[in-house]
Amino acid sequence: MKACATPSFGASSRPSPRALRESTRGTEDARCGLMARRAATGKLAKYRSMRDFKVTAEPSGDRSPRGKGNSFVIQKHAARRLHYDFRLELDGVLLSWSVPKGPSLSPTEKRLAVRTEDHPLDYASFEGVIPQGQYGGGTVAVWDRGTWQPEDDPHEAMKKGRLTFTLDGEKLHGKWHLVRTRPQGKQEGWLLFKGRDDAANENVDIVEEEPRSVVTNRTIDQIAADSDRVWQSSKVAEPTAMEKRAARIAKAGKAAANEERDTNPRKNIHRNIQLANEAAKKARGKKTEPAAPPSASAASVAALVRQLPLGFQLTNLDKVLYPEQGITKAQLVAYFAVVADWMMPQLHDRPLTLVRCPEGRHKQCFFQKKILPGSPKSIHTVEIEEESGESVEYMRVKDMPGLVGLAQLGTLEIHTWGCHADKVERPDFMVFDLDPAPDVEWDRVALAAFEVRKRLNKLGIASWVKTTGGKGLHVCAPIKRTIDWERFKEFTKLFADTIAAEHPKQYTSNISKAARKGKIFVDYLRNGRNATFIAPYSPRAREGAPVATPITWEELAHGVDPLSFTTATVPLRLAKLKKDPWHGIEDADQAITAAAWRALGGKP
DNA sequence: GTTGTTC
DNA sequence: GAACAACAACGCGGC
DNA sequence: GCCGCG
Ligand SMILES: [Mn+2]
Ligand SMILES: [Mn+2]
């Protein structure tokens with residue numbers, strides 16, 4: 001059997017137009033044509049793997065339009081960033097480059113061109129909208145099209161990284177160059193620039209002056225608007241299951257919003273996220289097998305959180321962070337967005353330490369205290385002088401986008417210092433962490449919290465309580481910023497030692513494991529300068545995505561199951577609450593008084 | 001998860 | 001663009 | 001000084 005001819009023109013002799021035509025389309029036999037098609041099919045595997053053709057209107061490339069085999073197209077593509085996709089037909093596919101600034105008619109203006117995956121030939125006529133969330137989501141216009149003629153063998157040229165050719169399009173003409181930059185060194189890029197000939201022009205910005213589609217004479221904006229209309233009408237005609245679902249959520253969201261005449265769009269997004277969370281919980285039921293199947297609404301949660309006004313990009317929203325519950329990063333983002341209003345008053349401007357698990361809670365997790373380059377801009381910093389003398393940039397957040405920024409980093413736990421950024425050397429939040437030994441019953445822990453509360457009250461300090469996401473409780477008290485860390489910790493140690501001394505069978509203030517057997521460790525060490533504690537409303541990187549949850553003393557007296565507070569249940573709980581469980585904590589105006597020191601037998 | 005290096 | 005590697009905390013108490 | 005702890 002005869003081998004199929006590879007189009008080849010030799011290095012020196014320029015091919016005739018006829019030779020070019022015949023090189024890609026069958027002057028030989030049907031077998032070669034078929035093989036070329038199969039080859040093209042293989043080249044398009046990547047293109048297809050990146051797209052879901054049920055969702056996008058882009059062609060799948062299973063039908064090749066008949067042409068002369070030397071077409072080119074430039075598609076103006078308003079995606080995340082506006083760019084121009086430069087495509088040359090070769091061997092049954094479109095070689096493609098993404099040119100951020102588009103072509104220039106000036107031979108001295110070299111434009112960066114990044115090679116992208118080969119596209120099918122029928123892509124050349126695609127103009128319209130690629131749905132958001134799909135690869136390359138955005139609006140596409142056919143900015144120019146026509147034919148191209150390589151100067152030499154294009155296969156050799158591609159291999160060498162020097163392609164010289166002539167364009168005969170509607171906007172672009174004459175000689176052009178595509179040159180690969182140094183293969184080693186920085187990233188491999190190409191440069192697209194005009195050859196020196198009559199079609200060159202130093203004075204015209206072709207991209208500015210000819211912005212429209214050469215096919216429909218529409219601008220990008222007009223194409224997007226037209227596509228909107230088509231989408232609207234097709235939606236009425238034939239709603240898909242997903243659209244029906246979205247409509248249901250939107251309707252429920254509207255009804256809820258109408259109740260309180262809420263015109264804040266962000267609040268509405270929050271509400272929709274809550275509704276989606278609720279639906280997700282119902283869909284999951286209470287089954288928690290080793291790996292839960294993705295919940296029905298995971299996809300719609302991703303769509304919702306993408307609407308949050310953040311100022312940075314969310315990525316990998318479908319990544320599963322808690323496999324047992326099937327909780328995705330999108331659901332974590334939704335959780336933070338919903339609890340932000342309750343959480344931020346406590347978290348605002350405190351230095352942070354994070355527990356990050358970007359690959360999920362079972363994979364490599366790590367602590368992070370310093371800000372890293374590339375962090376979302378909604379994460380702010382605070383410069384703190386370490387005792388060693390060196391200065392470290394800690395992280396802090398001020399608002400919902402900041403909180404979601406932490407989620408974007410794959411943060412499963414947020415730990416905070418007991419001070420604020422503007423006065424780091426003055427602690428303002430006291431925490432007694434009640435850690436029960438493994439065999440201690442929950443009721444004893446609850447009673448311990450009341451004991452701590454009673455004793456603090458006697459010292460003139462009101463306190464609030466939260467679960468930790470584990471088997472313990474945190475008794476918390478805001479304190480005026482009068483004393484330094486050393487004295488602060490000294491006071492809390494005195495307090496813990498006193499309880500332990502008076503009830504040695506119940507409590508210990510000694511961190512060592514041996515001392516804690518059968519007892520509750522009153523952990524005052526959270527009150528040191530370099531110590532942190534789990535933030536209110538922070539999830540934990542543990543099975544079930546439990547949440548450190550502020551509760552009222554009444555609830556604690558009534559009985560609560562600390563592990564029932566999870567990223568799935570806390571948003572529902574908050575929606576039902578009439579007032580903040582920590583109501584009044586912002587207005588507390590209390591300090592460690594001289595009388596308090598004396599009551600514990602300490603020196604004021 | 002992000003950045004930097006390398007092809 | 002893709003594949004790959006490096007990197008992301010540390011102080012304090014107990015004995 | 002090392003280990004455990006969070
Ligand atoms: Mn593109
Ligand atoms: Mn503890």
Side-chain angles (χ1 to χ4, degrees), chain A residues 46-47 49-50 83 85 95-100 112-118 135-136 161 180-190 312-317 319 321 329 332-333 351-360 363-377 379 384 386-388 390 392-395 404-413 415-418 431 433-435 437 468-472 474 485-486 489-490 492-493 496-497 508-516 521 523-535 538 540-542 548:
Chain A
K46 183 171 166 198
Y47 169 87
S49 74
M50 296 166 81
H83 60 269
D85 291 308
L95 306 181
S96 298
W97 290 260
S98 172
V99 186
L112 176 69
V114 178
R115 187 86 149 81
T116 55
E117 77 276 10
D118 293 348
Y135 179 76
R180 195 193 288 136
T181 57
R182 308 252 163 267
Q184 76 273 62
K186 294 286 175 193
Q187 295 190 334
E188 173 182 332
W190 293 64
F312 61 89
Q313 208 67 36
L314 292 169
T315 61
N316 297 310
L317 286 173
K319 181 159 287 176
L321 300 178
K329 188 171 163 189
L332 182 72
V333 167
L352 306 176
T353 296
L354 311 179
V355 174
R356 293 179 53 195
C357 312
E359 301 288 339
K363 302 290 179 58
Q364 189 73 218
C365 296
F366 54 88
F367 285 85
Q368 181 180 339
K369 46 196 274 190
K370 297 191 202 65
I371 185 89
L372 290 171
S375 304
K377 293 192 187 40
I379 301 176
I384 297 181
E386 298 285 85
E387 260 137 271
S388 64
E390 69 160 333
V392 176
E393 298 258 288
Y394 277 75
M395 293 171 283
V404 173
L406 301 179
Q408 165 58 18
L409 297 180
T411 302
L412 296 192
E413 298 190 4
H415 299 251
T416 79
W417 289 38
V431 176
D433 169 22
L434 303 175
D435 283 341
T468 63
K471 294 178 169 177
H474 282 182
W485 284 105
E486 196 182 328
K489 190 163 78 180
E490 186 188 339
T492 59
K493 174 171 167 52
D497 287 346
T508 177
S509 54
N510 184 328
I511 192 173
S512 77
K513 233 176 196 161
R516 290 161 67 168
F521 169 44
D523 184 356
Y524 65 94
L525 294 163
R526 304 302 93 225
N527 300 295
R529 184 186 189 270
N530 290 302
T532 60
F533 48 88
I534 191 73
S538 171
R540 305 307 297 262
R542 303 182 186 162

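The chains referred to below are lettered A, B, ... by the order of the sequence lines, with proteins before strands, and numbering in each begins at 1.
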Counting just side-chain N and O atoms, does T315(A) come under 4.0 Å of either OP1 or OP2 of dT2(B)? yes

Could you tell me how far apart Q364(A) (CD) and dG1(B) (P) are, to the nearest whole angstrom? 14 Å

Donor-acceptor under 3.5 Å (K329(A) side chain, Q408(A) main chain): yes

Taking CG from L412(A) and C1' from dG6(D), how many angstroms apart are they, rounded to a whole number? 17 Å

Are K369(A) and dA8(C) close enough that a side-chain N or O sits under 4.0 Å from OP1 or OP2? no

Using a 4.0 Å heavy-atom cut-off, does R529(A) contact any base of the nucleic acid, only the sugar-phosphate backbone, or nothing at all? nothing

Ignoring backbone atoms, establish whether K489(A) has a side-chain N or O less than 4.0 Å from OP1 or OP2 of dG13(C). yes

When rounded to the nearest Å, what value does the distance between C1' atoms of dA9(C) and dC5(D) take? 14 Å

Regarding K370(A) and E393(A), does a basic nitrogen lie under 4.0 Å from an acidic carboxylate oxygen? no

Under 3.5 Å on both distances, the Watson-Crick or G-U partner of dC15(C): dG1(D)

Under 4.0 Å between a side-chain N or O of R516(A) and OP1 or OP2 of dG6(D)? yes

When both hydrogen-bonding distances must be under 3.5 Å and the geometry is Watson-Crick or G-U wobble, what is dA8(C) paired with, if anything? none

Evaluate the ring planes of H415(A) and F367(A), with Trp represented by its six-membered ring, and classify them as parallel (under 30°), tilted (30 to 60°) or perpendicular (over 60°). tilted

Identify whether any heavy atom of Q408(A) sits under 4.0 Å from a base atom; if not, whether one sits that close to sugar-phosphate; answer base, sugar-phosphate or nothing. sugar-phosphate

To the nearest angstrom, how far is K370(A) atom NZ from dA8(C) atom P? 7 Å

Base, sugar-phosphate alone, or nothing: which one does T532(A) contact when heavy atoms must sit under 4.0 Å apart? nothing

Without decimals, in angstroms, what is the distance between D118(A) CG and dG1(C) P? 15 Å

Think N316(A) has a side-chain N or O under 4.0 angstrom from the OP1 or OP2 of dG1(B)? yes

Hey, are E486(A) and R529(A) close enough for a salt bridge, meaning a charged N less than 4.0 Å from a carboxylate O? no

Close side-chain approach of T411(A) to Q368(A), heavy-atom, < 4.5 Å: no

Between P on dA9(C) and CZ on F367(A), what's the gap in Å once rounded to a whole number? 11 Å

Would you mind classifying the nucleic acid contact of K319(A) as base, sugar-phosphate or nothing, using non-hydrogen atoms under 4.0 angstrom? sugar-phosphate

By the 4.0 Å heavy-atom rule, please label K329(A) as base, sugar-phosphate, or nothing. sugar-phosphate

Sticking with atom P, work out how far dC10(C) lies from dG1(B), rounded to a whole angstrom. 23 Å

From CD1 of I379(A) across to P of dA8(C) the rounded distance in Å is 17 Å

